[in-house]
Chemist: 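Got a structure for you, written out below as structure tokens; questions coming shortly.
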There are 2 protein chains.
Amino acid sequence: MNIVETIKKSTLFHSVDMQTIEALTKECHKKTFAKGRDIFAMGDKADAFFIILEGWVKLYRISKDGEEAIIHVFGPGESFAEAAVFNDTKTYPVNAHALDEVILVEIPRSFFIQKIEEDSQFALRMLGAIAARQHYLVQQIEQVTTRTAPQRIGAFLIRFCKKNKQAEGEWVVHLPYDKSVISTRMNIKPETFSRALAKLEPFGVHVENKKILITDMEALAEFCDISPNEIPC
Amino acid sequence: MNIVETIKKSTLFHSVDMQTIEALTKECHKKTFAKGRDIFAMGDKADAFFIILEGWVKLYRISKDGEEAIIHVFGPGESFAEAAVFNDTKTYPVNAHALDEVILVEIPRSFFIQKIEEDSQFALRMLGAIAARQHYLVQQIEQVTTRTAPQRIGAFLIRFCKKNKQAEGEWVVHLPYDKSVISTRMNIKPETFSRALAKLEPFGVHVENKKILITDMEALAEFCDISPNEIPC
DNA sequence: GAAGAGACTTGATCTGAATCAAGAGGGATA
DNA sequence: TATCCCTCTTGATTCAGATCAAGTCTCTTC
């Protein structure tokens, strides 16, 4: 796996020139975390942020009475904790945890700030990328508050599905991580997740362990209140 | 009300020098919206963002089946829609509505972008301000997903309360807008809001219309899972 | 291949909040 | 002062999702 290529493809840097990315690659470290390890904890000094080369990372918090809330799960090509670098407190406001073997690029705060100071175009791109993430969070709030569990799960499936090459008009989802993680991320208990997934059967959703087949995308999108242009591929 | 002073006091610009703010004041317009008017609608071209001089503004979305989700309510000194200016789509992703008579400063996209290009310190400050807002959204998600209605309402009261000058150890909240707006903002139906507020009585919360008295802040904070350093004043 | 541990499912019951319904109070207006 | 409208409260009922409990299935490990 080529670091330069991966960084270039990430959402944060895809509009940044190769020269800058090559300079960046020299300044930052590659780090590997085993499954189950914590990458950082809430309150740790935030002097770097990360791009994922491989694996899945969950950001979460624990409330006083032990409830876990998953803020987001990031996958290959995505960056996380970049906002923390600008916080007044300069500490991470959440925990980060490796869901499987994870390979990261760690980008030091100092390089990033220096780059923003000397390249206004870069600064504008970063502003745009962070604004996009904010937009996503706003959608999250909307989803959690106005949709039922089956609708939210359907929306998740549509976000992760790909066209089935074997069968025309069919779509497949390979769940990228455990169902229990997905359910926590959507604030649904595992039992409810299981039942809610079953409720999607009438809309052409067929489950085989981690592989899910969607045979009637139109009906599913309609049920989940997803507009057709949000269907990938 | 002095425009320059108000902008200087806003969260977005409080660390920006007076010269820049005075230049800014010349470039932007003051706009007034009557109670109930829409300031902009979802999908409108986003070529400006706003700072509130007076009044309250709610940002909301409407789902296909007519459900309203309030994303945020902003008050005097706060800015909103600044992230929209950097979106790929360059349109507002939400609706903005005047809850009462609202006076705004409209800041044009062009001035803002030009300023970022020529002043890297300014760019860094903006990045910081947007990151802070993002932090708030993350907290919102956590609150909505892990706390009960009475806990969320208690947290809201604590956020808006002030020390009572008449009585030592007491705190007062003057609800800044209608209870129905507060309840929608917290994703609670008005009926449930009313009952949930009543459930806070054992923790020293006494309601008199829009004025609420808190006589046992410690018990309330404990119940709502709020750490003591989050109590204002 | 047996044993154990996780991950997931299924069933029964409980509960917090929504919904449906009806009224109380508090301005504004005529 | 009476009427209308709007916000808020209170009561009864319903429902989605949580909780408690008991499997089943699959993968790992010896």
Side-chain angles (χ1 to χ4, degrees), chain A residues 34-36 56 58 63 65-70 99-101 143-157 173-201 205-212 223-225, chain B residues 34-36 56 58 63 65-70 99-101 143-157 173-201 205-212 223-225:
Chain A
K35 176 175 179 172
W56 293 86
K58 78 168 176 193
S63 70
D65 44 315
E67 286 282 338
E68 175 181 306
I70 295 187
L99 288 176
D100 47 14
E101 166 114 352
Q143 283 229 356
V144 170
T145 57
T146 64
R147 298 190 193 186
T148 64
Q151 283 180 315
R152 278 181 277 153
I153 293 172
F156 179 89
L157 295 181
V173 192
H174 278 281
L175 298 183
Y177 34 84
D178 285 355
K179 285 179 185 169
S180 61
V181 175
I182 301 176
S183 63
T184 312
R185 168 180 174 176
M186 302 179 132
N187 197 43
I188 294 169
K189 296 292 161 217
E191 299 95 320
T192 305
F193 182 89
S194 188
R195 285 186 251 263
L197 201 48
K199 280 189 191 150
L200 294 177
E201 234 243 87
V205 174
H206 308 279
V207 183
E208 287 170 38
N209 297 320
K210 293 212 166 190
K211 187 179 152 198
I212 293 175
F223 170 73
C224 302
D225 192 16
Chain B
K35 176 176 179 172
W56 293 84
K58 79 169 174 193
S63 70
D65 45 314
E67 285 284 337
E68 175 181 305
I70 295 186
L99 288 175
D100 48 13
E101 167 115 352
Q143 283 230 355
V144 169
T145 57
T146 63
R147 299 189 192 187
T148 64
Q151 283 179 316
R152 279 181 277 152
I153 293 172
F156 178 89
L157 295 181
V173 192
H174 279 280
L175 298 183
Y177 33 84
D178 286 355
K179 284 180 185 170
S180 61
V181 175
I182 301 175
S183 63
T184 311
R185 169 178 175 177
M186 303 179 128
N187 197 42
I188 293 167
K189 296 291 160 214
E191 299 94 318
T192 305
F193 182 89
S194 186
R195 285 185 251 262
L197 201 47
K199 279 189 191 148
L200 294 177
E201 234 243 87
V205 173
H206 307 278
V207 183
E208 288 171 37
N209 296 319
K210 294 211 164 190
K211 189 179 151 197
I212 294 175
F223 170 73
C224 301
D225 191 17

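Chain identifiers are assigned alphabetically (A, B, ...) following the order of the sequence lines, protein sequences preceding nucleic acid strands; residue numbering begins at 1 within each chain. What's counted below: heavy atoms across the whole structure, side chains too, no hydrogens, waters or symmetry copies.
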Chemist: How long is the line joining CD1 of A:I153 and P of C:dC8, in whole Å?
Modeler: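 Answer to the nearest Å: 13 Å.
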Chemist: Drop me the distance from B:F156's CZ to B:S183's OG, to the nearest 0.5 angstrom.
Modeler: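 Atom-to-atom, B:F156:CZ and B:S183:OG are 10.0 Å apart.
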Chemist: Could you grab the distance from atom CD of A:Q143 to atom CG of A:N187, nearest 0.5 Å is fine?
Modeler: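 Answer for the CD-CG pair, A:Q143 versus A:N187, is 12.5 Å.
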Chemist: Would you tell me if any nitrogen or oxygen in the side chain of A:K179 comes within less than 4.0 Å of OP1 or OP2 on C:dT9?
Modeler: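 It does, given that an N or O in the side chain of A:K179 lies less than 4.0 Å from OP1 or OP2 of C:dT9.
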Chemist: Specify the residue among B:L197 and A:R152 whose closest nucleotide of DNA chain D lies further upstream toward the 5′ end.
Modeler: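 First, find each residue's nearest nucleotide; the 5'-ward one identifies B:L197.
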Chemist: Between atom NZ in A:K35 and atom P in D:dC27, what is the gap in whole Å?
Modeler: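 It works out to 13 Å between those atoms.
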Chemist: May I have the step-by-step check of side-chain contact (heavy atoms from CB on, under 4.5 Å) for B:T145 and A:I188, ending in yes or no?
Modeler: CA-CA 9 Å; B:T145 57; A:I188 294 169; over 6 Å; no
Chemist: Whole angstrom is fine here: how far is it from CG in B:D178 over to P in C:dG26?
Modeler: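 Those two atoms, CG and P, are 15 Å apart.
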Chemist: In this structure, how many angstroms lie between the P atom of C:dC8 and the OH atom of A:Y177, rounded?
Modeler: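 Atom OH in A:Y177 sits about 13 Å away from atom P in C:dC8.
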Chemist: Roughly how far apart are A:H206 NE2 and A:L200 CG, rounded to 0.5 Å?
Modeler: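 Here the rounded value is 11.0 Å.
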Chemist: Whole angstroms only, please: what is the CD1-P distance between B:I188 and D:dT7?
Modeler: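 Spelled out: CD1 on B:I188 to P on D:dT7 is 18 Å.
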Chemist: Atom CD1 in A:I182, atom NZ in A:K58: separation rounded to 0.5 Å?
Modeler: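 If we round to the nearest 0.5 Å, A:I182:CD1 and A:K58:NZ are 12.5 Å apart.
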Chemist: Whole-Å distance between D:dC8 P and B:I212 CD1?
Modeler: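 Checked: the CD1 to P distance equals 11 Å.
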Chemist: What I'd like to find out is whether the side chain of B:V144 reaches to under 4.5 Å of the side chain of B:M186, using heavy atoms alone.
Modeler: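 Answer no - side chains too far apart.
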Chemist: Considering only side-chain heavy atoms of A:A149, which listed nucleotide, C:dT9, D:dC8, D:dG17, is closest?
Modeler: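 Nucleotide nearest to A:A149's side chain: D:dG17.
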Chemist: Given atom CE of B:M186 and atom P of C:dA18, what is their separation to the nearest angstrom?
Modeler: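 Whole-Å distance recorded here is 12 Å.
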Chemist: What is the distance, rounded to the nearest whole Å, between atom NZ of A:K210 and atom C1' of D:dC27?
Modeler: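 These atoms are roughly 12 Å apart.
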Chemist: Look only at the side chain of A:T184 and the backbone of A:S180, and say whether a donor-acceptor pair between them is shorter than 3.5 Å.
Modeler: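 The answer is yes, because a donor-acceptor pair under 3.5 Å joins these two groups.
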Chemist: Distances under 3.5 Å between protein N/O atoms and the N/O atoms of nucleotides 19-26 of chain D, please, pair by pair.
Modeler:
unit_1 : atom_1 : unit_2 : atom_2 : d
D:dT19 : O4     : A:R195 : NH2    : 3.1
D:dC20 : N4     : A:E191 : OE2    : 3.2

